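Report on the structure given below.
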Amino acid sequence: MLSWCTRRRLAVVGACVAVATAAGAAAAATRSSAAGDIPKLTWALGASVRGLEYTHSADSGSATVISVGCETLVRYDKNGALRPALADSFSTPNATTYVYHLRKGVKFWDGRPLTTADVVYSLKQAASKTAGSQIAAFYSTVSSIKATASTVTIKLSAPDPYFRYTPAVTYILEKAFWQKNGKNVGTPGTLTMCTGPYRFTKFVPDDRVEATRFAGYWGKRPAVKDVVLRTITNDATRLLAVRSGEIDGSFRISQDQIDQWKQVSGVSVKLAPELRTAYLSFDVSAAPWDDVHVRRAVAYSLDKAGLVKSVLRGYGQTAPVMPPPEQWGDVASQKYVQKLYKSFPKYTFNLAKAKAELAKSKYPNGFTATLPYPDSQQTLGKAALSLAQNLKQIGVTLNVKQVTTDDWFGALFAHKDLGAQIISWGVDYPDPADALHFIYDSQYATANAFNTANYKSERMDKLLKIEQDSVSSKVRADAIGNALKFTAQDVPYIPIWYQQVAMALKSKYAYDFGTWYLYTPWVAGITAK
């Protein structure tokens with residue numbers, strides 16, 4: 001989802017973040033003056049909203065909307081550090097125990113108080129493969145989730161250095177509402193039941209989501225009263241909408257249009273490192289992608305530098321491996337990371353080498369394949385078309401096909417006939433093992449998980465286990481580095497670029513934009529100047 005700012009992570013053992021009771025009470029009691037109210041904010045979404053319940057709509061477009069009204073136990077600040085949310089304090093007394101103390105005075109939109117039962121139920125739904133949770137992989141090491149009084153304790157079966165970030169992407173819903181409505185939760189006719197600053201009032205798929213300020217919110221009263229989140233996936237249409245004054249702002253402006261948005265009068269554009277990696281995925285369990293020489297031929301046919309310049313307009317950088325170097329946080333110094341990245345095998349654009357690799361494969365005379373891309377990601381489509389033109393020169397026909405975002409996600413999570421895919425991965429955790437763990441681990445080569453290459457390697461699994469089981473930064477850094485070198489040789493995936501994220505907002509409003517806006521109640525942060 002970038003090139004990131006360096007971020008601090010909480011220590012695995014003994015870390016505890018708490019909010020002073022007096023300060024918390026004062027903050028909750030503070031209310032912005034009516035004079036600073038913004039009656040209505042109209043926002044353009046660049047991607048469709050698949051649903052208002054994240055375990056069945058685990059994508060960045062849906063998360064951007066769900067975060068407006070739903071909350072998590074902890075949340076990221078703009079730099080990726082964890083801060084209290086529905087939990088007013090949290091700790092890790094040992095490497096396999098996570099304790100969350102629930103904030104008092106929190107109510108759902110229907111007036112019911114938030115309880116530990118709601119939290120436990122929400123976490124268990126998120127962890128359930130049986131329930132079809134698309135983030136169940138994040139809970140693979142969880143052995144128990146239990147509540148005592150106002151505290152929720154999560155036990156792991158083994159140390160998991162990045163589990164602490166999972167509660168920051170798991171939204172808490174009302175248990176009774178979830179039990180009553182089942183799979184209808186998050187749909188247009190049912191909506192959802194959360195505790196956030198905005199209550200959802202309407203959901204029209206592929207059109208809009210509407211929400212209104214929740215008077216019973218436990219935190220600071222937001223300035224915006226009503227918000228309309230319009231789905232406008234076409235980049236040119238969104239640009240016209242901001243020029244005509246139909247919208248007040250938008251996230252994730254297409255890189256090839258950022259310069260045009262900067263020219264719109266009365267609109268400010270802000271940039272942040274997104275830590276989003278565009279990459280190609282190949283189903284290595286099926287022909288022709290089961291041949292490493294085919295995959296390497298594609299790697300040499302990809303003009304990464306040219307794509308960053310032409311498609312991203314320079315708002316990004318080429319990617320040798322999945323995690324952007326800035327995502328390493330305190331696992332290793334940037335000096336170490338930069339040296340490591342220079343040591344990886346290079347697949348610079350070279351059609352002669354591409355032909356040579358193809359000649360070594362089982363398909364020396366070429367083949368025909370299909371590469372779909374979602375209609376909400378036009379930059380991926382442009383990259384795919386560029387690759388198709390290059391592959392044609394070595395005898396490979398790649399049929400690029402635009403599909404609806406819903407169909408595209410449905411195919412990925414169904415995990416059938418995956419073939420070749422072009423994907424944009426937005427990180428969930430400020431940790432370099434994020435993508436490695438969820439995209440390369442053999443256990444996730446299954447439905448509702450992220451190993452879309454069906455990649456299974458004993459060597460890779462061993463390296464991932466070493467880094468996952470250790471609380472030593474050095475041990476983890478060495479294992480991650482070796483795993484990344486191995487992926488660069490085996491190429492089940494081909495990283496293309498890391499990109500920046502752009503936000504446009506009318507100049508009369510202010511918002512402290514940062515990388516992690518995605519999982520935060522961002523509308524509540526918009527104020528009038």
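Along the sequence shown, residues carry numbers from 1. As the structure is a prediction and not an experimental result, all values here were calculated from the model.
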- Query: Step by step, would you call Val106 with Leu86 a side-chain contact (heavy atoms from CB on, under 4.5 Å)?
  - Reply: CA-CA 8 Å; Val106 178; Leu86 291 180; 3.9 Å; yes
- Task: With salt bridge (charged side-chain N to carboxylate O under 4.0 Å, His left out) as the test, would you mind laying out the steps for Asp478 and Lys474 before giving the verdict?
- Result: CA-CA 6 Å; Asp478 288 344; Lys474 184 180 186 308; 3.0 Å; yes
- Does the side-chain contact (heavy atoms from CB on, under 4.5 Å) test come out yes or no for Trp516 and Lys78, once each step is laid out? CA-CA 5 Å; Trp516 291 97; Lys78 65 178 296 184; over 6 Å; no
- Query: Going through the distances and angles, do Leu387 and Val298 end up as a side-chain contact (heavy atoms from CB on, under 4.5 Å)?
  - Reply: CA-CA 8 Å; Leu387 174 63; Val298 175; 4.1 Å; yes
- Start with the C-alpha gap between Arg476 and Asp431, add the side-chain angles, then the distance that decides, and say whether salt bridge (charged side-chain N to carboxylate O under 4.0 Å, His left out) holds. CA-CA 11 Å; Arg476 294 194 68 227; Asp431 188 293; 3.1 Å; yes
- Query: Please walk me through it: do Tyr98 and Leu156 pass side-chain contact (heavy atoms from CB on, under 4.5 Å)?
  - Reply: CA-CA 8 Å; Tyr98 293 78; Leu156 307 185; 3.5 Å; yes
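For the pair Val308/Gln255, no side-chain contact is recorded, criterion being any heavy-atom separation below 4.5 Å from C-beta on. Between Arg103 and Glu71 the shortest side-chain heavy-atom distance does not fall below 4.5 Å. The shortest distance between side-chain heavy atoms of Ser457 and Phe486 falls below 4.5 Å. Taking 4.5 Å as the limit, some side-chain heavy atom of Lys304 sits within range of a side-chain heavy atom of Ile494. Counting only heavy atoms from C-beta outward, the side chains of Ser60 and Trp425 never approach each other to under 4.5 Å. Within the 4.5 Å cutoff, side-chain heavy atoms of Leu307 are placed close to those of Leu302. In this structure, Leu280 and Ile496 have side chains that are in contact, with non-hydrogen atoms separated by less than 4.5 Å. Residues Trp218 and Leu114 fail the side-chain proximity criterion, which asks for heavy atoms closer than 4.5 Å.
In this structure, the separation between CG on Leu340 and NZ on Lys485 is 6.0 Å, given to the nearest 0.5 Å. Of the inter-residue distances, the one linking Lys401 atom NZ with Trp408 atom CH2 reads 14.5 Å to the nearest 0.5 angstrom. With rounding to the nearest 0.5 Å, the separation of OG in Ser281 from CG in Asn451 is 8.0 Å. How far NZ of Lys155 is from CD1 of Ile145: 13.0 Å, rounded to the nearest 0.5 Å. Note that CG of Asp88 is 10.5 Å distant from CG of Leu73, once rounded to the nearest 0.5 Å. Here the straight-line distance linking atom CG of Leu312 with atom CD of Gln317 works out to 10.5 Å at 0.5 Å rounding.
The nearest pair of heavy atoms linking Gly196 to Trp109 is O-NE1, 3.2 Å. Listed here is the closest heavy atom pair of Tyr171 and Ser67: OH-OG, 2.6 Å. Nearest approach of Ala420 to Pro372, heavy atoms of both residues: O-CD, 3.4 Å. The heavy-atom pair separating Thr405 from Ser376 by the smallest distance is OG1-OG, 2.9 Å. The nearest pair of heavy atoms linking Lys456 to Ser442 is CA-OG, 3.3 Å. Closest of all the heavy-atom pairs between Leu82 and Ala168 is CD2-CB, 3.9 Å.
Looking at Ser57, its side chain does come within 3.5 Å of a backbone N or O of Gly51 through a donor-acceptor pair. A donor-acceptor pair is defined here as one N or O able to donate and one able to accept, closer than 3.5 Å; such a pair exists between the side chain of Thr72 and the backbone of Val74. A donor-acceptor pair is defined here as one N or O able to donate and one able to accept, closer than 3.5 Å; no such pair exists between the side chain of Ser157 and the backbone of Ser143. In this structure, the side chain of Thr277 engages the main chain of Met322 through a donor-acceptor pair within 3.5 Å. Looking at Tyr347, its side chain does come within 3.5 Å of a backbone N or O of Ala488 through a donor-acceptor pair. In terms of modelled atom types and a separation under 3.5 Å, the side chain of Ser128 and the main chain of Lys124 share no donor-acceptor contact. Without hydrogens or angle criteria, Arg75 side chain to Tyr519 main chain gives no donor-acceptor distance under 3.5 Å. Judged by distance alone, the side chain of Gln377 and the main-chain N or O of Ile423 form no donor-acceptor pair under 3.5 Å. Within the 3.5 Å criterion, the main-chain N or O of Glu467 finds no donor-acceptor partner in the side chain of Ser470. A donor-acceptor contact shorter than 3.5 Å links the side chain of Ser133 to the backbone of Ala126.
Crowding of Lys362 atom NZ: a count of heavy atoms from other residues, nucleotides or ligands under 6.0 Å exceeding 12. No more than 12 heavy atoms of other residues, nucleotides or ligands shown are found within 6.0 angstrom of CD on Glu458. Within a 6.0 Å sphere centred on CZ of Arg199, heavy atoms belonging to other residues, nucleotides or ligands number 12 at most. Within 6.0 Å of NZ on Lys339 lie no more than 12 heavy atoms contributed by other residues, nucleotides or ligands.
The one candidate from Trp43, Tyr76, Phe513, Tyr517 that meets the ring-ring contact (aromatic ring centres under 6.0 Å, His included) condition with Trp522 is Trp43. The only option from Phe163, Trp328, Phe138 that meets the ring-ring contact (aromatic ring centres under 6.0 Å, His included) definition with Tyr429 turns out to be Phe138. Across Asn448, Thr452, Asp59, a single residue satisfies side chain to side chain contact (heavy atoms under 4.5 Å, CB included) together with Phe413, and that is Asn448. The only member of Thr151, Thr153, Leu102 that meets side chain to side chain contact (heavy atoms under 4.5 Å, CB included) when paired with Thr116 is Leu102.
Among residues two or more places apart in sequence or in another chain, the salt bridge (charged side-chain N to carboxylate O under 4.0 Å, His left out) test is passed with Glu53 by none.
Side-chain polar atoms of Arg252 and Thr64 form no donor-acceptor pair below 3.5 angstrom. Between the side chains of Thr404 and Asp375, no donor-acceptor pair of N or O atoms lies under 3.5 Å. Side-chain contact annotation: Thr231 with Asp206, donor-acceptor N/O pair under 3.5 Å absent.
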Show me the donor-acceptor pairs, under 3.5 Å and distance only, between side chains in residues 177-194 and residues at least two apart or in other chains.
| unit_1 | atom_1 | unit_2 | atom_2 | d |
| --- | --- | --- | --- | --- |
| Asn181 | ND2 | Phe177 | O | 2.9 |
| Thr187 | OG1 | Asn184 | O | 2.5 |
| Thr190 | OG1 | Asn184 | O | 3.4 |

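Aromatic rings from Tyr444 and Phe438 are positioned such that their centres are separated by under 6.0 Å. Aromatic ring centres of Tyr455 and Tyr493: separated by at least 6.0 Å.
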